[in-house]
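See structure below.
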Amino acid sequence: MDVKGLIDNLKINLTCSICLGYFTDPVTANCGHSFCKACLSHCRVRADEILACPECRTDINYGNDLVTNSRLQQLSIITKMLRPLLLQSLVGQSICEKHGEKEKLFCEEDHRILCDSCSLAPEHKNHQVLPLERVVAKSKEKLLETQNILKRKEEHLQKKEFYAIRTQIKCGKHSLHFQRLLIYEYETMRKFLEDEKMLQLQGLNQQFRDNLMKLERNKVKLSQEIQNLQLMLLEVEKHLKKTPSEMLQGMKGILEKSEKLLVQEPEVVTEAWATFPITGLREIFMTFYRDITLDPLTAHTHLIISEDLRSVKYTSIPQDLPNNEERFVHSLTVLGAQTFTSGRHYWEVDIGEKTEWEVGICEESITRKLKFSPFPQDIRILAGCKYQNNFFLWNSEKGCCSSPPVHKVGIFLDYERGHVAFYNAIDRSLIYSYLNKAFQRPMRPYFSPCLPDEESTPGSLIICPRSTQQMSEKEGKFCLELRDSITP
């Protein structure tokens, strides 16, 4: 028997003789024949328990002689699934399970393979049914075309992948290369700044020595003049003790010598310090620039605040303002509106030609109703003043020193370090830096145009807005990185 015959014989042995279909829930009678349980139930006459076997007519007790055959059930299920596949492998075409015919047609609407009998069914009456071979040939063409497209796409993506891998390797090499370049450039800049620092320190030391020599010469000269005066005093005392005739005879010469000594005005020598511009200093601080404005509620009544809250000047006529808790009563002061409790901040004040002024920071809790603060540590300011045609700078830590007039002051605050520094924003040099001392309370910007006198030049203190500062963000970022790279 051939393979197809064996397959057909297997189906016959797994087919119910009543429904002619594969066994479903099969049972086996005592005569050995098997049937679907539901099919055998239909053969009963009314509710009789005794029925005749449909094949051999042997009596069967429906309640006692039937045994459920689970193995036969499993074989039926497996054969039902495998038979179409086995037949298809034999003839190259699938076999319709319903009609047992070769499936040679294809319904395009339902996308199903059909046999001739299936194609005549009502559900496929108006459908386009084509020969399976033609549909398969057409499908193969589409699949081959799709295969070629996919291959070309694969080759394209493989080229892209190769380029991406090569670019990734190249990127890594470039990164290492530019790291070396950046390290070299920063080391070069560090070396440049170190050299500049040494030159500045040498210049400062030379100025110190020159000032000492100048002061020493002045001291010697003053000592000589004092000695001459003392000798003159001894000579006058000696003549006072002489007789009237002797005293009168030498009096003319003594008076002439005394007059010469008295008309001599000793030279007052002060320290002369040149400024030392620091490369990149202002550019670095510009990364921390803050747009500071004035708080009118804190302004003394003799101070006029501009509409944009960036300028303050003195007026001799007091304004009619409420005596609120925040307002200064005795000190010609106004505070900035901003309060600092952390971070680094920088702002600039345009002094112009004004010769009396005070700028800096103070604790927010500074007293407003007393003439002088009882806590000097709560204020850190820099003041400028003119005295006898000389200009002096004063700070609340070291006192007074002579200086060329300053026209624009930069203030830098590092809250965490407790650092406050003042800079000449024109020549970019350091004016004074307070020793680092931790802040205990919130800090605010401090401004005072001071009370003008006959020698001072009036004017306004103007806070420079950020928009007027000429530096790009990239330049500022570079300077900030540079500063951080050279800060221990």
Side-chain angles (χ1 to χ4, degrees), residues 285-286 288-373 378-385 395-396 406-413 415 420-423 425 431 439 441-452 456-469:
F285 287 142
M286 289 304 296
F288 306 113
Y289 204 91
R290 301 290 178 263
D291 274 320
I292 303 297
T293 54
L294 300 172
D295 182 2
L297 295 178
T298 65
H300 189 278
T301 55
H302 279 275
L303 298 183
I304 297 178
I305 309 299
S306 62
E307 291 185 5
D308 62 0
L309 304 179
R310 294 185 183 276
S311 174
V312 56
K313 65 179 180 179
Y314 171 81
T315 176
S316 59
I317 303 173
Q319 301 176 85
D320 185 14
L321 298 173
N323 186 17
N324 51 289
E325 183 180 351
E326 302 91 344
R327 193 174 308 283
F328 285 87
V329 174
H330 295 286
S331 175
L332 291 171
T333 302
V334 59
L335 300 184
Q338 289 69 27
T339 301
F340 302 123
T341 57
S342 64
R344 290 174 285 186
H345 314 275
Y346 178 75
W347 62 96
E348 292 180 351
V349 182
D350 191 344
I351 309 295
E353 299 301 322
K354 187 172 175 55
T355 54
E356 298 282 342
W357 48 266
E358 293 177 1
V359 295
I361 65 165
C362 67
E363 290 188 358
E364 186 179 33
S365 58
I366 186 173
T367 180
R368 319 293 172 89
K369 307 306 179 184
L370 301 178
K371 190 171 185 179
F372 299 103
S373 171
D378 65 3
I379 184 169
R380 303 184 196 183
I381 64 172
L382 179 73
C385 61
N395 64 76
S396 52
V406 178
H407 303 293
K408 183 186 282 190
V409 176
I411 300 103
F412 176 69
L413 164 66
Y415 191 92
V420 180
F422 298 91
Y423 300 89
I431 297 175
F439 296 113
R441 298 179 180 85
M443 307 299 293
R444 294 179 67 175
Y446 177 100
F447 307 89
S448 175
C450 297
L451 182 65
S456 64
T457 303
S460 300
L461 297 180
I462 303 173
I463 304 171
C464 303
R466 182 183 181 87
S467 58
T468 63
Q469 311 310 308

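Residue numbers count from 1 along this sequence. Hydrogens, waters and symmetry mates are skipped; everything else that's a heavy atom, side chains included, is used. Please read these numbers as outputs of a predicted model, since none were measured by experiment.
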Passes side chain to side chain contact (heavy atoms under 4.5 Å, CB included), Y423 versus I431? Steps please.
-> CA-CA 5 Å; Y423 300 89; I431 297 175; 5.6 Å; no
Apply side chain to side chain contact (heavy atoms under 4.5 Å, CB included) to the pair L461 and I351, showing each step before the final yes or no.
-> CA-CA 5 Å; L461 297 180; I351 309 295; 3.6 Å; yes
Step-by-step side chain to side chain contact (heavy atoms under 4.5 Å, CB included) determination, V409 to W357 = CA-CA 11 Å; V409 176; W357 48 266; 3.9 Å; yes
Might you work through the side chain to side chain contact (heavy atoms under 4.5 Å, CB included) test for L335 and R368, ending with a clear yes or no?
-> CA-CA 11 Å; L335 300 184; R368 319 293 172 89; 3.8 Å; yes
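Annotation: the span from S365 atom OG to M443 atom CE amounts to 8.5 Å, rounded to 0.5 Å. Rounding to the nearest 0.5 Å places CD1 of I292 at 7.0 Å from CD1 of I463. Here the straight-line distance linking atom CG of D291 with atom CG of L309 works out to 12.0 Å at 0.5 Å rounding. Put simply, CD on E363 and CZ on R441 are 4.5 Å apart, with the number rounded to the nearest 0.5 Å. In this structure, CG in L413 is found 5.0 Å from CD1 in I361, a value given to the nearest 0.5 Å. The structure places CZ of R310 at 13.0 Å from CG of D350, a figure rounded to the nearest 0.5 Å.
The side chain to side chain contact (heavy atoms under 4.5 Å, CB included) check on I304 picks up K313, T315, Q319, with sequence neighbours excluded. Among residues two or more places apart in sequence or in another chain, the salt bridge (Lys or Arg N to Asp or Glu O under 4.0 Å) test is passed with D295 by R444. With sequence neighbours excluded, the residues forming a side chain to side chain contact (heavy atoms under 4.5 Å, CB included) with N323 are V329, K369, listed by chain and number. Applying the side chain to side chain contact (heavy atoms under 4.5 Å, CB included) test to P458 and every residue at least two apart in sequence or in another chain returns nothing. Residues passing the side chain to side chain contact (heavy atoms under 4.5 Å, CB included) test with H300 are H302, L303, L332, sequence neighbours excluded.
Considering all non-hydrogen atoms of both residues, D308 and S311 come closest at OD1-N, 4.2 Å. The shortest non-hydrogen separation linking K408 to C464 is CE-SG, 3.9 Å. Nearest approach of V349 to F447, heavy atoms of both residues: CG2-CE2, 3.6 Å. Annotation for Y346 and M286: closest pair CE2-SD, 4.1 Å, computed over non-hydrogen atoms. Looking at every heavy atom in both residues, C450 comes nearest to E358 through SG-CG, 3.7 Å.
Judged by distance alone, with hydrogens and angles left aside, the side-chain atoms of R290 form a donor-acceptor pair with the main-chain N or O of R344 at under 3.5 Å.
Evaluation of the salt bridge (charged side-chain N to carboxylate O under 4.0 Å, His left out) test over residues 316-334, restricted to residues two or more places apart or in two chains, returns none.
Applying the side chain to side chain contact (heavy atoms under 4.5 Å, CB included) test between F328 and each of I366, V334, T301 identifies I366 as the sole match. When each of Y415, F439, W347 is tested with F340 by the rule ring-ring contact (aromatic ring centres under 6.0 Å, His included), just one qualifies, namely W347.
For the residue pair T333 and Y446, a side-chain donor N or O sits within less than 3.5 Å of a side-chain acceptor on the partner.
The distance between the ring centers of F412 and F285 falls below 6.0 angstrom.
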